[in-house]
J.: 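Handing you this structure, nothing more for now.
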Amino acid sequence: MRKILSVLALLLAVAPACGEAEAEGGRNAKAQRFAGELEPLNGSEARGTTRLSLAGNHLTVDIEASGLQPNRIHEQHIQGLVVANEDATCPRSIEDEDRDGDGLVDLKEGMSAFGRSLRALEPFPTVGPSGRLDYDLTQTVDPEELEPLENRVLVLRGGSADNNEERRAEYLPDLPVACGELRRLEDEDE
């Protein structure tokens, strides 16, 4: 009985410290909030909004978009430049980024503006027949891989492009179709 009481006393002494650790790195940590307007890329009609919240190591993402290719999987990625303090941007014009002259800014060409994928927001959803995406996701992340989020972009992928040789539309799952630069929300913006 004395051993049980000793173990119980030890557990009660350790419990507050565990709660503090959860508050620092988990759901109880103060959330940083971000938003972005998703604008079309590569002649797509995709557009929408995204809201993100980072609390400790919990990332919550909400994406609402329309104009996506119906009945197809669309990937979403948080992307950023290798140098963490440089701002990733969305490509401003096809002419500036299209190095191979095919009339598209493919993933590789767009990396000079928006950088590499830092976080795939999986599982990737299949968009229904309406072409609308309503996507909510919470993931456990290493915040250091994403920060500073206000220097990042969210890129939606998956669209059709003409196959120049055969002049038919071909679905390209990696084709960037919308991009949004993330901005930090202040408390009054929420």
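Sequential numbering from 1 along the given sequence is applied to the chain's residues.
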J.: Flag the pair Y135 / V127 as yes when at least one side-chain heavy-atom distance between them is below 4.5 Å, and no otherwise.
T.: no

J.: When rounded to the nearest 0.5 angstrom, what is the spacing between OG1 in T60 and CZ in R51?
T.: 12.5 Å

J.: Around atom CD of E45, are there more than 12 heavy atoms from other residues, nucleotides or ligands closer than 6.0 Å?
T.: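 No, not enclosed.
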
J.: If you measure from CZ on R72 to CG on L172, what distance do you get to the nearest 0.5 Å?
T.: 9.5 Å

J.: Under a 3.5 Å threshold, yes or no: a donor from one side chain and an acceptor from the other, between R99 and S112?
T.: yes

J.: When you check the gap from the basic side-chain N to the acidic O, do E39 and R47 get nearer than 4.0 Å?
T.: yes

J.: Are the side chains of T126 and I73 in contact, using a 4.5 Å heavy-atom criterion?
T.: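 Yes, close enough: below the 4.5 Å cut-off.
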
J.: Find the distance between CD1 (I63) and CG (L137) and round it off to the nearest 0.5 Å.
T.: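 The CG atom of L137 is 8.0 Å from CD1 of I63, to the nearest 0.5 Å.
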
J.: Is there a side-chain contact between E181 and V153 in this structure, where contact means two heavy atoms from C-beta onward sitting under 4.5 Å apart?
T.: yes

J.: Under a single-linkage definition using a 4.5 Å side-chain heavy-atom cutoff for Ile, Leu, Val, Met, Phe, Trp and Tyr, are L59 and L154 assigned to the same hydrophobic cluster?
T.: yes

J.: Side chains of E147 and L54, heavy atoms from C-beta outward: is any pair under 4.5 Å?
T.: yes

J.: Determine whether H74 and R157 make a side-chain contact, defined as any pair of heavy atoms from C-beta on separated by less than 4.5 Å.
T.: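 SC-SC contact between H74 and R157 ruled out.
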
J.: Rounded to the nearest 0.5 Å, what separates atom CG in N57 from atom CG in D142?
T.: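 Rounded to the nearest 0.5 Å, the CG-CG separation comes to 8.5 Å.
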
J.: Give, for atom CZ of F34 and atom CD1 of I78, the distance between the pair rounded to the nearest 0.5 Å.
T.: 9.5 Å

J.: Measure the shortest side-chain to side-chain distance between L146 and R152 over non-hydrogen atoms and say whether it is less than 4.5 angstrom.
T.: no

J.: Could you walk me through whether R116 and V82 pass the side chain to side chain contact (heavy atoms under 4.5 Å, CB included) test, one step at a time?
T.: CA-CA 7 Å; R116 64 182 174 86; V82 176; 4.3 Å; yes

J.: Any non-hydrogen side-chain atom of V61 less than 4.5 Å from a side-chain atom of T50?
T.: yes

J.: To the nearest 0.5 angstrom, please state how far the CG atom of L41 sits from the CG atom of L156.
T.: 9.0 Å

J.: Do E150 and L182 come close enough that some side-chain heavy atom pair is under 4.5 Å?
T.: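 Heavy-atom side-chain distance check fails, nothing below 4.5 Å.
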
